[in-house]
Amino acid sequence: MRTHMCGELRPTDAGQTVSVCGWVASRREHGQNLAFVDVRDHTGIVQCVVDGANELRSEFVVRVTGTVRARPEGTANPNLPTGDVEVGDCTVEILSQAEPPPFPVADRVDADENLRLRHRYVDLRRPAMQRNLRLRATVSSAIRRSMEAQGFVEVETPTLIASTPEGARDFVVPSRLQPGSFYALPQSPQLFKQLLMVGGIDRYYQLARCLRDEDLRADRQFEFTQLDAEMSFADQADVIGVISATVVAAIRAAGREVADEIPRMTWREAQDRFGSDKPDVRFGMELVELTDAVAGTGFRALQAPCVKGIRVPGEAGMGRARIDRLTDQAKAAGAGGLVWLKMEGETLESPILKFLSAEEKSALPKALGAEPDDLLLVVAGERPTVDRVLGQLRLELGRPPVNEGGINLLWVTDFPLFEGLDGEGRPIPAHHPFTMPHPDDLDRLDAEPLSVRSQAYDLVLNGWELGSGSVRIHRPDIQQRIFSFLGIEPEEAQSRFGFLLDAFRHGAPPHAGFAFGIDRLVALLAGEENIREVIAFPKTQSGVDPLTGAPGPVDPRQLAELGLRVLPRPT
RNA sequence: GGUCCUGUGGUGCAGCUUGGAGUGCACGCCGCCCUGUCAAGGCGGAGGUCGCGAGUUCAAAUCUCGUCAGGACCGCCA
């Protein structure tokens, strides 16, 4: 049907008779006997010269046959890769007519999200969406090649699985053959990949669809795709090596530069320096320890176990309203308040000056490395709160746009095993309950559980959590001990995860794994703030697909067959 | 569950603060003209329940309340 793609014609093709197919991108008529028609396919646009184009309209699908020729002197278009040539003496076949598009098919579009999604098939024609989806395919392909080159085997795991009421909310599918019983859609293939290790697969990977029924965000959809991997007879260093190689390969396949070696940082260091477990290391403004500098202060607001601050360069002119908003934000995040100091030239200005000693007035700016016209923000309180609050303020005040600052990968290691205590004093697992504690900390499990580190690690890219992994518990005795720690009784553990514990009694190799989100990786590589831009058919924030109308009601006969009845919505 | 922003011809906006006739801009659409344009140009034209519903008022796109939709965020996401 066609001999060439629109975007590939060049002066070297001159003289050839060609056929191209695509959509009418624009039409410029110059009377009855001359018109220019730009035809677009995913490779680009080429100008076709026709006698008349009165019957053509935007987005009509056409096949154009004609002769490639250099454009006349002075009429080349340097903005177009095909701008030195045109297709002349054209015959135009209309393959399909089209209504006027609901929004312009331009590279950049500012149309309403609902409108774009309702007409996604038009939206996808836009060069930006074409680039994003093709970038995604390039990245996926590079990931597969890298994993296979490292000896990993792709294994598919089931989509209809048993619900394990742990972590995120499950999507649930009613069973017809067992009315009243339900499948769940997998939040991840976690348990299956561990079973594959017991099954001797040794190195497993999968570009796995994961589903979680939680509220949507710019970086979260109901369904998302992960590189899911697991390896036997391997430790943390092995996993980090494999995943590092694959992520670097994927980023390079996308045409971006990245170093071979990915820096590492412990969770503790990330908290101390950045107030986050996923630090954005593209900019400074690190958290500075001030506890000693104000030890013994007479100012009550700074009498706290931990005092830290950040230096906001050049923001001494910040208005009172903005500072008040930051203060509200800090309080909402748990801080008692927000202390601010301004370097008005060389002079320190602050509402709290009268409460500070002379030593403190010089020690605070010095510790923070303050320079003229800087704004200094100080928070006091319990250490985790101080870190969290300042970490948020740092992002708010300094974070660069998504497409700036290059690609900065970072491994964050030595996460705590538990992230705190629940209402009944039981530890909450920071990762998941199959995470192996750090061997050096095992003997503190009973006495100081919150100080126990785990062999869990996250991969962070420009402040986005790309993914996480861990060394898994492969011994039933340790797994039972962790379960009981989490308040999961042996009977409950048996009923929920019994199949895994059974498997571990049949010869489980030590194993470790990882999973990271493809949607987020591709979005960052595409310079997009929102993962919807790299998903062909995403859902809106309220979980609706405006194109297909999902979710919708089902036929009453379907419900009856499933033994279900829909209750009226509570009002 | 909560906070904030947005909703005005097909599209993107302005108008809203300080209520006074659906007013305006750009694109698109329809018709005519035009032989070198490329977001072509010129002339003319059509197209509106100001998301929806209440309330206040002599009078509401504009003020108030509710509601729906889209977006950002908090909660949530082991």
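The chains referred to below are lettered A, B, ... by the order of the sequence lines, with proteins before strands, and numbering in each begins at 1.
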Checklist entry - Between A:Glu99 and A:Arg57, is a salt bridge (Lys or Arg N to Asp or Glu O under 4.0 Å) present by the stated rule, with each step listed? => result CA-CA 8 Å; A:Glu99 293 175 15; A:Arg57 292 293 182 274; over 6 Å; no
Next on the checklist: Going by side chain to side chain donor-acceptor pair (under 3.5 Å), name the residues that satisfy it together with A:Arg481, two or more places apart in sequence or in a different chain.
Outcome noted: A:Asp446
Checklist entry - What string of B, S and - do you get for nucleotides 40-48 of chain B 5' to 3' if you count protein non-hydrogen atoms under 4.0 Å? => result B--------
Checklist entry - Quick one: side chain to side chain contact (heavy atoms under 4.5 Å, CB included) partners of A:Glu529, sequence neighbours excluded? => result A:Val402
List, with names and distances, any nitrogen or oxygen atoms from the protein found under 3.5 Å away from nitrogen or oxygen atoms belonging to nucleotides 10-12 of chain B.
residue	atom	partner	partner atom	Å
B:G12	OP1	A:Asp112	N	3.0

Checklist entry - For A:Asp213, does its backbone N or O pair with a side-chain atom of A:Arg169 as donor and acceptor, under 3.5 Å? => result yes
Next on the checklist: Going by purine N1 to pyrimidine N3 plus the second Watson-Crick contact, or the G-U wobble pair, all under 3.5 Å, which nucleotide sits opposite B:U62?
Outcome noted: none
Next on the checklist: Can you see if the side chain of A:Ser542 gets near the phosphate of B:G70 - specifically, an N or O under 4.0 Å from OP1 or OP2?
Outcome noted: yes
Item to check | Whole-Å C1' distance, B:A26 and B:G9 | outcome: 14 Å
Item to check | No-H, no-angle donor-acceptor pair, A:Arg220 side chain to B:C77 base, under 3.5 Å | outcome: yes
Item to check | Residues which pass side chain to side chain donor-acceptor pair (under 3.5 Å) with A:Trp411, listed by chain and number, not counting sequence neighbours | outcome: A:Ser244
Item to check | Same-atom distance (C1') from B:A59 to B:G45, integer angstrom | outcome: 33 Å
Item to check | Nucleotide B:C77, atom P - distance to NE2 of A:His432 in whole Å | outcome: 15 Å
Next on the checklist: Please report the distance, rounded to the nearest Å, between CD in A:Gln329 and P in B:G2.
Outcome noted: 21 Å
Checklist entry - For A:Leu133, which residues count as a side chain to side chain contact (heavy atoms under 4.5 Å, CB included) partner, sequence neighbours excluded? => result A:Leu124, A:Ala536
Checklist entry - On a plain distance test, is the side chain of A:Gln32 in donor-acceptor contact with the base of B:U35 below 3.5 Å? => result no
Next on the checklist: Regarding A:Arg69, tell me which of base, sugar-phosphate or nothing describes its non-hydrogen contacts under 4.0 Å with the strands shown.
Outcome noted: base
Next on the checklist: Between B:G41 and B:G24, how far apart are the two P atoms, rounded to whole Å?
Outcome noted: 22 Å
Checklist entry - Of the nucleotides B:A72, B:G36, B:G70, which has the atom closest to the A:Val544 side chain? => result B:G70
Item to check | Residues which pass salt bridge (Lys or Arg N to Asp or Glu O under 4.0 Å) with A:Arg520, listed by chain and number, not counting sequence neighbours | outcome: A:Asp219
Counting only pairs under 3.5 Å, give me each side-chain donor-acceptor contact of residues 45-52 of chain A, with atom names and distances, residues two or more places apart or in other chains.
residue	atom	partner	partner atom	Å
A:Gln47	OE1	A:Arg28	NH2	3.0
A:Gln47	NE2	A:Glu86	OE1	3.2

Next on the checklist: Side chain of A:Glu113 only, heavy atoms from C-beta on: which candidate in B:G36, B:C76, B:G70 is closest?
Outcome noted: B:G70
Next on the checklist: Taking only the P atom of each, what is the distance from B:G12 to B:G28 in whole angstrom?
Outcome noted: 15 Å
Checklist entry - To the nearest Å, how far apart are A:Gln392 CD and B:G75 P? => result 8 Å
Item to check | For atom CZ of A:Arg325 and atom P of B:A72, their distance in whole Å | outcome: 20 Å
Next on the checklist: Pick the closest RNA chain B nucleotide for A:Gln190 and for A:Ala76 by heavy atoms, then say which residue is nearer the 5' end.
Outcome noted: A:Ala76
Checklist entry - For A:Leu34 and B:U35, what is the distance between atoms CG and C1' respectively, to the nearest whole Å? => result 5 Å
Next on the checklist: With a 3.5 Å cut-off and heavy atoms only, can you find an N or O donor on one side and an acceptor on the other between the side chain of A:Arg532 and the base of B:G71?
Outcome noted: no
Checklist entry - What nucleic acid atoms does A:Asn530 come within less than 4.0 Å of, heavy atoms only: base, sugar-phosphate, or nothing? => result sugar-phosphate
Item to check | Pair A:Tyr204 and A:Phe192, ring centroids less than 6.0 Å apart | outcome: no
Next on the checklist: Mind checking if A:Thr540 touches a base, just sugar-phosphate, or nothing, with heavy atoms under 4.0 Å?
Outcome noted: sugar-phosphate
Checklist entry - Roughly, in whole Å, what's the span from NZ in A:Lys331 to P in B:C74? => result 21 Å
Checklist entry - Who is the Watson-Crick or G-U wobble partner of B:C25, with both distances under 3.5 Å? => result B:G12
Next on the checklist: Expected output is a numbered-order residue list: members of residues 77-89 of chain A with a heavy atom under 4.0 Å from any atom of RNA chain B. What is it?
Outcome noted: A:Asn77, A:Glu86
Checklist entry - Taking only residues two or more places apart in sequence or in another chain, which ones pass side chain to side chain donor-acceptor pair (under 3.5 Å) with A:Glu113? => result A:Arg532
Checklist entry - For A:Phe434 and A:Leu117, take the nucleotide of RNA chain B holding the closest heavy atom to each; which residue's nucleotide lies nearer the 5' end? => result A:Leu117
Checklist entry - When rounded to the nearest Å, what value does the distance between P atoms of B:U62 and B:U18 take? => result 14 Å
Next on the checklist: With a cut-off of less than 4.0 Å, is there a side-chain N or O of A:Arg57 near OP1 or OP2 of B:C30?
Outcome noted: yes
Next on the checklist: Taking only the P atom of each, what is the distance from B:U64 to B:U56 in whole angstrom?
Outcome noted: 16 Å
Next on the checklist: For the C1' atoms, the ones on B:G15 and on B:C50, what distance do you get once it is rounded to whole angstrom?
Outcome noted: 11 Å
Checklist entry - Should A:Thr548 and A:Asp545 be marked as a side-chain hydrogen bond (donor to acceptor under 3.5 Å, both in side chains) after you check the CA-CA gap, both sets of side-chain angles, and the distance that decides it? => result CA-CA 6 Å; A:Thr548 63; A:Asp545 175 6; 2.8 Å; yes
Checklist outcome for this item: By salt bridge (Lys or Arg N to Asp or Glu O under 4.0 Å), A:Glu29 pairs with (sequence neighbours left out) A:Arg27
Checklist entry - How are the rings of A:Phe171 and A:Phe222 set relative to one another: parallel (under 30°), tilted (30 to 60°) or perpendicular (over 60°)? => result perpendicular
Next on the checklist: Tell me which nucleotide, if any, is Watson-Crick or G-U wobble paired with B:G7 when both distances must be under 3.5 Å.
Outcome noted: B:C68
Next on the checklist: Among residues at least two apart in sequence or on other chains, which ones pass side chain to side chain contact (heavy atoms under 4.5 Å, CB included) with A:Thr385?
Outcome noted: A:Glu382, A:Arg388, A:Val389
Checklist outcome for this item: Rounded to whole Å, CG of A:Asn114 lies from P of B:G71 at a distance of 7 Å
Item to check | Pairwise P distance, B:C30 and B:A40 [rounded to whole Å] | outcome: 14 Å
Next on the checklist: Please report the distance, rounded to the nearest Å, between CD in A:Glu59 and C1' in B:C29.
Outcome noted: 14 Å
Checklist entry - Just to confirm, is there a sub-4.0 Å distance from OP1 or OP2 of B:C77 to any side-chain nitrogen or oxygen of A:Gln187? => result no
